[in-house]
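Structure record follows, encoded as structure tokens.
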Amino acid sequence: MGRLKKLIGARIKEIRTKRGLTQEQLSAKSNIALSTICRLENGINMPREENLEVLSKVLDVSMDAFFRFEHYEGDRNSRIVKILDMLHKLKDDEIIMVQKIINSFLA
């Protein structure tokens with residue numbers, strides 16, 4: 001359950017920031033205590049259904065948006081495959097730049 005709380009919290013935060021809202025603004029608009037918003041986003045508490053309903057209305061998303069975290073998941077190998085797919089779409093000069101960036105991490 002701990003991982004699920006963290007994933008849902010990350011989604012709430014991601015959607016909130018995409019909407020350009022602070023935690024304080026979300027709290028005021030949703031009438032959910034700021035401390036609750038903080039605990040939800042940090043994955044400390046599992047959100048209650050009624051809070052998700054209110055948040056979905058305030059953030060203008062469907063309820064299932066809070067459970068879409070495919071982009072957070074994936075094992076190491078699937079992430080490497082995704083990176084390779086992205087690299088294949090780059091131009092030669094862009095690949096050289098990516099190679100330099102990777103080298104800087106390994107130095």
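Any value given below was found using the heavy atoms of this structure, including those in side chains, with hydrogens, waters and symmetry copies removed. Note that this is a predicted model, so its numbers are computed, not measured.
Under the 4.5 Å side-chain criterion, counting only non-hydrogen atoms from C-beta, E50 is not in contact with V54. For the pair V61/R19, a side-chain contact is recorded, criterion being any heavy-atom separation below 4.5 Å from C-beta on. Between L55 and L40 the shortest side-chain heavy-atom distance falls below 4.5 Å.
Put simply, CG on N51 and CZ on F66 are 10.0 Å apart, with the number rounded to the nearest 0.5 Å. A distance of 7.0 Å separates CD of E24 from SG of C38, quoted to the nearest 0.5 Å.
One N or O on the side chain of R11 and one on the backbone of R68 form a donor-acceptor pair closer than 3.5 Å. R39 places no side-chain N or O within donor-acceptor distance of the main-chain N or O of N45, the cut-off being under 3.5 Å. R16 places a side-chain N or O within 3.5 Å of a backbone atom of L21 that can act as its donor or acceptor partner. The closest donor-acceptor contact from the side chain of K5 to the backbone of M46 lies at 3.5 Å or more, if one exists at all. Looking at S56, its side chain never comes within 3.5 Å of a backbone N or O of M63 through a donor-acceptor pair.
Checked against Q23 for a side chain to side chain contact (heavy atoms under 4.5 Å, CB included), the options T17, I12, I37 give a single hit: I37.
By the criterion of side-chain heavy atoms lying less than 4.5 angstrom apart, applied directly or through intervening Ile, Leu, Val, Met, Phe, Trp or Tyr residues, L59 is not grouped with L34; the two fall into different hydrophobic clusters. I83 and F105 fall into different hydrophobic clusters, defined by Ile, Leu, Val, Met, Phe, Trp and Tyr side-chain heavy atoms under 4.5 Å apart, directly or through other members.
The pair E53-K57 does not count as a salt bridge, with every side-chain nitrogen at least 4.0 angstrom from each carboxylate oxygen.
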Going by atom type alone, with no hydrogens or angles, which donor-acceptor pairs under 3.5 Å involve a side-chain atom of residues 87-103 and a protein atom two or more places apart or on another chain?
from, atom 1, to, atom 2, distance (Å)
E94, OE1, K91, N, 2.8
N103, ND2, Q99, O, 3.4

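Around atom CG of D64, more than 12 heavy atoms belonging to other residues, nucleotides or ligands sit under 6.0 Å away.
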